[in-house]
Peer 1: 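Would you mind keeping the following structure in view while I ask a few things?
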Amino acid sequence: MKNPGSKRNWMIFTNGIVYIVIALFLFFFLFPIFWVIITSLKSRVQTFAIPPVWIFKPTWQSYRAIFTEMQFSHYLLNSAVIAILNTILVVFTGSLAAYSIARFKTGGNNLSFWILSIRMIPPIVVAVPLFIALNKLRMIDTHLALILLYTTLNLPLAVWIMRAFLMEIPEELEESAMIDGCSRMQAFWRIVLPLARPGLAATAIFCFIFSWNEFLFALIFTRIIAKTAPLAMTTLMTEREIYWGNICAGATLVIVPVIVFSLIVQKHIVRGLTFGAIK
């Protein structure tokens, strides 16, 4: 018979090893973010100090510089407008398309694979024909062009994510709602979508992050008016100097909205709302 004390000690030891490994992984992935934030609060001299300065008086010099010298608020607003509108459009159209495929088998496997194949195409492959088309439509350097392009790229991912969630929702719930007088669309809006909130949240996060961080299309299809924040940060690398403090300040401002948005919707991801729906 095993000694309960030794078994308990072994569990404490294994749990300690697991926590140490988790801590190391967290340090590995979070340290770059920490370094960016503290660098944005250093003066220009402290930024280039060797060895690095760990204890210092924070300064907002870099933040004031990017807002006064390069109007970074304009680029942040562009990114926010494009990312939010793209996310709303993708979640709306993607949920409808996913519902049609999940419930009515629209197009069969051929349509599903065709939608997925759009995501497989490298964006650089279609950059030239898209540029020619948008140039003829006079949509270069417009918010609408980026919103439509990001919607095209994000929609296949949204359809496949939502399709997986919707297929797990029992059809009996919709049938019960329709027996009570709801139409098919009313059952979709009142029954299916509330139960699919984890899928909607996951889809929204992926779409928002992609649109917020996207660089290639913003570089090709914008000039000044619709330039986004990630693209604007490249202007801080000049032939004379790389403004590391300003770059880190801009990177911090780009990171924060994604973290805040993820924290807002995370409860809908970790909670399975369909659990116990049918008894």
Side-chain angles (χ1 to χ4, degrees), residues 22 25 29 82-123 125-126 146-180 182-214 216-217 257-279:
I22 293 175
F25 272 98
F29 287 107
I82 293 170
I84 293 173
L85 293 180
N86 166 75
T87 301
I88 294 174
L89 184 59
V90 169
V91 170
F92 175 75
T93 56
S95 59
L96 291 174
Y99 181 75
S100 176
I101 295 174
R103 286 291 183 264
F104 309 113
K105 312 300 179 185
T106 304
N109 295 329
N110 294 331
L111 179 61
S112 300
F113 180 77
W114 178 79
I115 294 175
L116 185 62
S117 66
I118 298 176
R119 187 67 182 181
M120 299 177 185
I121 301 175
V125 174
V126 296
L146 289 184
I147 292 172
L148 294 178
L149 290 173
Y150 294 166
T151 300
T152 304
L153 293 178
N154 284 333
L155 196 57
L157 180 63
V159 171
W160 274 81
I161 293 177
M162 289 302 303
R163 174 178 172 270
F165 276 89
L166 294 177
M167 289 181 67
E168 294 183 359
I169 298 177
E171 294 187 37
E172 288 81 357
L173 293 175
E174 300 166 61
E175 295 172 356
S176 299
M178 288 187 287
I179 291 175
D180 291 336
C182 289
S183 64
R184 172 66 71 171
M185 286 304 299
Q186 288 175 334
F188 173 72
W189 290 110
R190 297 181 181 180
I191 306 298
V192 176
L193 282 187
L195 293 176
R197 284 178 186 172
L200 293 174
T203 303
I205 287 178
F206 283 119
C207 294
F208 183 84
I209 292 176
F210 174 83
S211 303
W212 183 265
N213 294 332
E214 204 279 331
L216 178 63
F217 280 176
V258 177
I259 296 176
V260 172
F261 182 68
S262 301
L263 292 176
I264 292 174
V265 301
Q266 70 170 348
K267 64 179 182 179
H268 298 298
I269 298 177
V270 300
R271 183 175 59 186
L273 296 182
T274 59
F275 180 77
I278 292 183
K279 297 182 181 179

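Not measured: the values here are computed from a predicted model. Keep in mind that the numbers below use all heavy atoms, side chains included, and drop hydrogens, waters and symmetry copies.
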Peer 1: If every non-hydrogen atom of Ile147 is compared with every non-hydrogen atom of Asn86, which pair is closest and at what distance?
Peer 2: O-OD1, 3.7 Å
Peer 1: Considering only heavy atoms from C-beta outward, does the side chain of Val192 approach that of Phe165 to under 4.5 Å?
Peer 2: no
Peer 1: Are the side chains of Asn154 and Phe206 in touch, meaning some heavy atoms are under 4.5 Å apart?
Peer 2: no
Peer 1: Can you tell me if CZ on Phe25 sees more than 12 non-hydrogen neighbours from other groups inside 6.0 Å?
Peer 2: no
Peer 1: Could you check if a side-chain atom of Arg103 sits within less than 4.5 angstrom of a side-chain atom of Ile169, using non-hydrogen atoms only?
Peer 2: yes
Peer 1: Does atom CH2 (Trp114) have a neighbourhood of more than 12 heavy atoms from anything else shown, all under 6.0 Å?
Peer 2: no
Peer 1: Got a second to check how far Ile209's CD1 is from Glu214's CD, nearest 0.5 Å?
Peer 2: 14.0 Å
Peer 1: Is the shortest heavy-atom distance from the side chain of Met185 to the side chain of Tyr99 under 4.5 Å?
Peer 2: no
Peer 1: Using every non-hydrogen atom in the two residues, find where Ala177 and Ala187 come nearest and quote the distance to one decimal.
Peer 2: CB-CB, 4.1 Å
Peer 1: Measuring only between side-chain heavy atoms, which start at C-beta, is Leu155 closer than 4.5 Å to Ile118?
Peer 2: no
Peer 1: Minimum heavy-atom separation for Ile161 to Gly199, with atom names?
Peer 2: CG2-O, 4.1 Å
Peer 1: Considering all heavy atoms of both residues, which atom of Val90 and which atom of Cys207 are nearest to each other, and what is their separation?
Peer 2: CG1-SG, 3.4 Å
Peer 1: Is a side-chain N or O of Ser211 found less than 3.5 angstrom from the main chain of Phe208, in a donor-acceptor match?
Peer 2: no
Peer 1: Which atoms form the tightest heavy-atom contact between Phe217 and Leu146, and what is the distance?
Peer 2: O-CD2, 3.9 Å
Peer 1: Near Phe210 CZ, under 6.0 Å, is it more than 12 heavy atoms from other residues, nucleotides or ligands?
Peer 2: yes
Peer 1: How far apart are the closest heavy atoms of Leu166 and Ser95, and which atoms are they?
Peer 2: CD1-O, 3.9 Å
Peer 1: Evaluate the side-chain proximity of Met162 to Leu96: yes if any heavy-atom separation is below 4.5 Å, no if none is.
Peer 2: no
